[in-house]
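Down below is the structure, laid out as structure tokens.
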Number of protein chains: 4
Amino acid sequence: MNKRSGIESRKKIIAAAMDVFSGKGYAKACIREIAEAAGISIGGVYLYFRNKEELYLSLLKNEMHDSAVKTEEIVEHAESPAEALSKYLKMHLEYALKHRELILLHIREHGFVFGMDIKRRFFREQRKLIEKIITGGIRRGEFRRCNPRETAKLVMGSLRGIVLSIALDNVVVTPRMLNEFILNGLLNKRENRK
Amino acid sequence: MNKRSGIESRKKIIAAAMDVFSGKGYAKACIREIAEAAGISIGGVYLYFRNKEELYLSLLKNEMHDSAVKTEEIVEHAESPAEALSKYLKMHLEYALKHRELILLHIREHGFVFGMDIKRRFFREQRKLIEKIITGGIRRGEFRRCNPRETAKLVMGSLRGIVLSIALDNVVVTPRMLNEFILNGLLNKRENRK
Amino acid sequence: MNKRSGIESRKKIIAAAMDVFSGKGYAKACIREIAEAAGISIGGVYLYFRNKEELYLSLLKNEMHDSAVKTEEIVEHAESPAEALSKYLKMHLEYALKHRELILLHIREHGFVFGMDIKRRFFREQRKLIEKIITGGIRRGEFRRCNPRETAKLVMGSLRGIVLSIALDNVVVTPRMLNEFILNGLLNKRENRK
Amino acid sequence: MNKRSGIESRKKIIAAAMDVFSGKGYAKACIREIAEAAGISIGGVYLYFRNKEELYLSLLKNEMHDSAVKTEEIVEHAESPAEALSKYLKMHLEYALKHRELILLHIREHGFVFGMDIKRRFFREQRKLIEKIITGGIRRGEFRRCNPRETAKLVMGSLRGIVLSIALDNVVVTPRMLNEFILNGLLNKRENRK
DNA sequence: TATGAATGAGGGTTCATTCAT
DNA sequence: CATGAATGAACCCTCATTCAT
């Protein structure tokens, strides 16, 4: 009946899918519910997405694209590696707070369902970004000497885990705390220095 | 066929369940497959576990218990907070390498499926352990002053994420690298010190 | 195949369910068979009835409603209590002959499966109807003095049992015979009278 | 372990089966539960009864035999047809009150499950008994003239229905009421007589 | 474009029955 | 005689997907 532009419908479906997938995970989410939430018929969903898998992948790509664009912007406009890293961490922290369920969803499905390659590519890009920051930081003497590539992986891993804690266990983490933790580590420098 | 020792069968089921659940996640795993993998009939599974949920929960409890025991032991026998933390991290790293799929499974299902309370309790205990280490470290001047409770959460989160990276993306992380990362942070101390 | 008119399908399912339930009772009847008998897929059944229980209850309500309407009509149009009772008995006798299996089904499940309250309510209404007839009959001197309420229960019980015999054991009972039995009893009145 | 005489075990099983079958009907009753209630192993049940069906049939035969013996005795010792019928009705009424569930069970399963022939034979015998009473009653002028065979069926049907009402709906029926109902019918004899 | 009735494979679970001990 | 672990067919129900309208 509603002959709105297809794009309209597509958006509604994606929004609904995000809700439903987030709420119950990929496997338990069912098309009927997504269709209902989108105010569209079941068949309608299949007009825009070939199947459940493609719908999920579509969400995933959307979000990863947005995230990639945002992070690149942020990093580019930073004045120092430390600031870049700071902002990068902050951005992800804030995103996690806003989209807890989505975070859960993707971590949950990451590594199980299809779309692995897409996800891996995204993570590789993000890792390279961090790597670039670290390399710059070392060159400018801001960061201590370390293997940038491996350290980038550690930073990414840490961030992922902390984001997960936030989404999963409602842990409260301020950007400041996280920043300090990543930059300073645990040791007492005086002690260390001697 | 083997009509004796229910305990034997129970073990086989648990082992099979670990495999199958790990391989495809809770929702997609099916009892039939678990039974087959265990070399047992479908009905046989229900002789030892009331239902799918209980089977999963059983696995979970087992592993969390083992892990709790191991970590406590390790921490108790350490000579200094730094060493305790080191060993704690190392243990989890090694566990992650050995049981990639299991790690994935539980992280994946954490926060979605039942058993939330059990998991939360486990994480709380682990966090307290880290907290104790940190508090001791600060008191002895080994660690820098910080809020032990919040920092413990960060350490746990970081560890979780890195373990996840290992399990998920085959990232290689040596205990030494991780230790350095957590203890020292990224900053160059010279820079920091002045 | 026939993609139209859900009502059509619903009717076919109900008819099939009546057959199958009647033939083997609630517990042994299986949805698969009902679906087959209705010329519909398994899932199709669940499009119209939430589950097996609801399907059964649906049948039950339908029939009880029809029966209630019919009996009330009959009683209202009778010219005397004796005639009303006569017609009431006749109607049930004829129904029993036509729907043997259905009678069996409901008697069989009465008191075991769910829907108890619905059935009880129906029986209460029917009993009240008979009670009214008897009260009227006593007032007009047609019937002998008796407790209308208790006697109504006896009439209902008797009828139920005789209907059961018809359905179960193919006993042949003519309305005339039944009428005479209920109205006159066994005793010889001459004997009685003195 | 318990090496009591087999007869002991057999009795315990029968008693347990009566309970469980009565409580949930044949289809839903399960051997495990019966075995448990009998304080015997599952396998143990199969030592005494070839299968579920035979166990049920065994119960049935027991009860029908007892009932047949009792009714015959009662009828033989009565001094008049009216008294015989009275006592017969009374006995069944009392039995119904004491063994509500059992009554339900057999009525419920009558006509569905196996054992039809056994049941039919029993009912035929009982009917013949009543028939004999009625024939005697007519000959002695106690009962009004009627077809003894058909009337016996009506009496049996009535009784069955009333017993059912008692078992099913907790209807209260005294032997006196029932007797009067069956013997006198509803009509006012004065009216009738003229 | 849009609908939603229809399909049917497949999942979790139960339970009568067997048989090695 | 007795046990109870083991079997597997069969049940109820869900849901991704199709297609006539």
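Every chain is numbered from 1 and lettered A, B, ... according to where its sequence line falls, protein lines coming before strand lines. Below, all heavy atoms of this structure are taken into account, side chains as well, without hydrogens, waters or symmetry copies.
- Per the geometry, CZ belonging to F49(D) stands 16 Å off C1' belonging to dA2(F), to the nearest Å.
- Of all heavy-atom pairs spanning I31(C) and Y46(C), the tightest one is CG1-OH, 3.6 Å.
- Between L47(C) and I40(B), the residue anchored nearer the 5' end of DNA chain F, judged by the nucleotide with its closest heavy atom, is I40(B).
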List every contact pair, protein side and nucleotides 10-14 of chain E side both N or O, where the distance is under 3.5 Å.
{"unit_1": "dG12(E)", "atom_1": "OP1", "unit_2": "A29(B)", "atom_2": "O", "d": "3.1"}
{"unit_1": "dG12(E)", "atom_1": "OP1", "unit_2": "K52(B)", "atom_2": "NZ", "d": "2.9"}
{"unit_1": "dG12(E)", "atom_1": "OP2", "unit_2": "I31(B)", "atom_2": "N", "d": "2.9"}
{"unit_1": "dG12(E)", "atom_1": "N7", "unit_2": "R32(B)", "atom_2": "NH1", "d": "3.1"}
{"unit_1": "dG12(E)", "atom_1": "O6", "unit_2": "R32(B)", "atom_2": "NH2", "d": "3.2"}
{"unit_1": "dT13(E)", "atom_1": "OP2", "unit_2": "Y46(B)", "atom_2": "OH", "d": "2.8"}
{"unit_1": "dT13(E)", "atom_1": "OP2", "unit_2": "K52(B)", "atom_2": "N", "d": "2.9"}
{"unit_1": "dT13(E)", "atom_1": "O5'", "unit_2": "Y46(B)", "atom_2": "OH", "d": "3.4"}

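- Here salt bridge (charged side-chain N to carboxylate O under 4.0 Å, His left out) pairs that include residues 50-60 of chain A, with residues two or more places apart or in two chains, are R50(A)-E54(A).
- If you take CZ of R10(B) and P of dG4(F), they are 18 Å apart, rounded to a whole angstrom.
- Sorted by first and then second residue, the pairs that involve residues 23-39 of chain D and meet side-chain hydrogen bond (donor to acceptor under 3.5 Å, both in side chains), not counting sequence neighbours, are K24(D)-E33(D).
- Listed by chain and number, the residues in a salt bridge (charged side-chain N to carboxylate O under 4.0 Å, His left out) with R121(C) amount to none (sequence neighbours excluded).
- Distance NZ (K24(C)) to P (dA10(F)): 12 Å, rounded to an integer number of Å.
- Within the structure, every pair that satisfies the salt bridge (charged side-chain N to carboxylate O under 4.0 Å, His left out) test and touches residues 99-118 of chain D, not counting sequence neighbours, is listed here: R108(C)-E109(D), E109(C)-R108(D).
- In terms of the ring pair (Phe, Tyr, Trp, His ring centres under 6.0 Å) criterion, residue partners of H99(C) (sequence neighbours excluded) are, by chain and number, Y95(C).
- In this entry the distance linking OH of Y48(B) with C1' of dT7(F) reads 12 Å, nearest Å.
- Y56(D) pairs by the side-chain hydrogen bond (donor to acceptor under 3.5 Å, both in side chains) definition with H106(D), not counting sequence neighbours.
- Residue S9(B) places at least one side-chain N or O under 4.0 Å from the OP1 or OP2 atom of dA6(F).
- The nearest whole Å value for the distance from the CD1 atom in I13(A) to the C1' atom in dA2(E) is 11 Å.
- For E8(A) and dT1(E), the CD to C1' distance is 14 Å, given to the nearest whole Å.
- For the salt bridge (charged side-chain N to carboxylate O under 4.0 Å, His left out) condition, no pair includes a residue of residues 58-67 of chain A, sequence neighbours left out.
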Practice task
Return one dot-bracket line describing DNA chain F 5' to 3' (Watson-Crick or G-U wobble pairs, both distances under 3.5 Å; ( ) same strand, [ ] crossing, | another strand, . none).
Solution key: .||||||||||||||||||||
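- With distances taken from any side-chain atom of S41(D) to the nucleotides dG4(F), dA2(E), dT3(E), the minimum falls on dG4(F).
- As a whole-Å value, the separation of I34(D) CD1 from dA16(E) P is 8 Å.
- If you run side-chain contact (heavy atoms from CB on, under 4.5 Å) between M18(A) and each of I34(A), L102(A), N62(A), I13(A), only L102(A) comes through.
- In terms of position along DNA chain E, the nucleotide closest to G44(C) lies nearer the 5' end than the nucleotide closest to the other residue of the pair G44(C) and G44(B).
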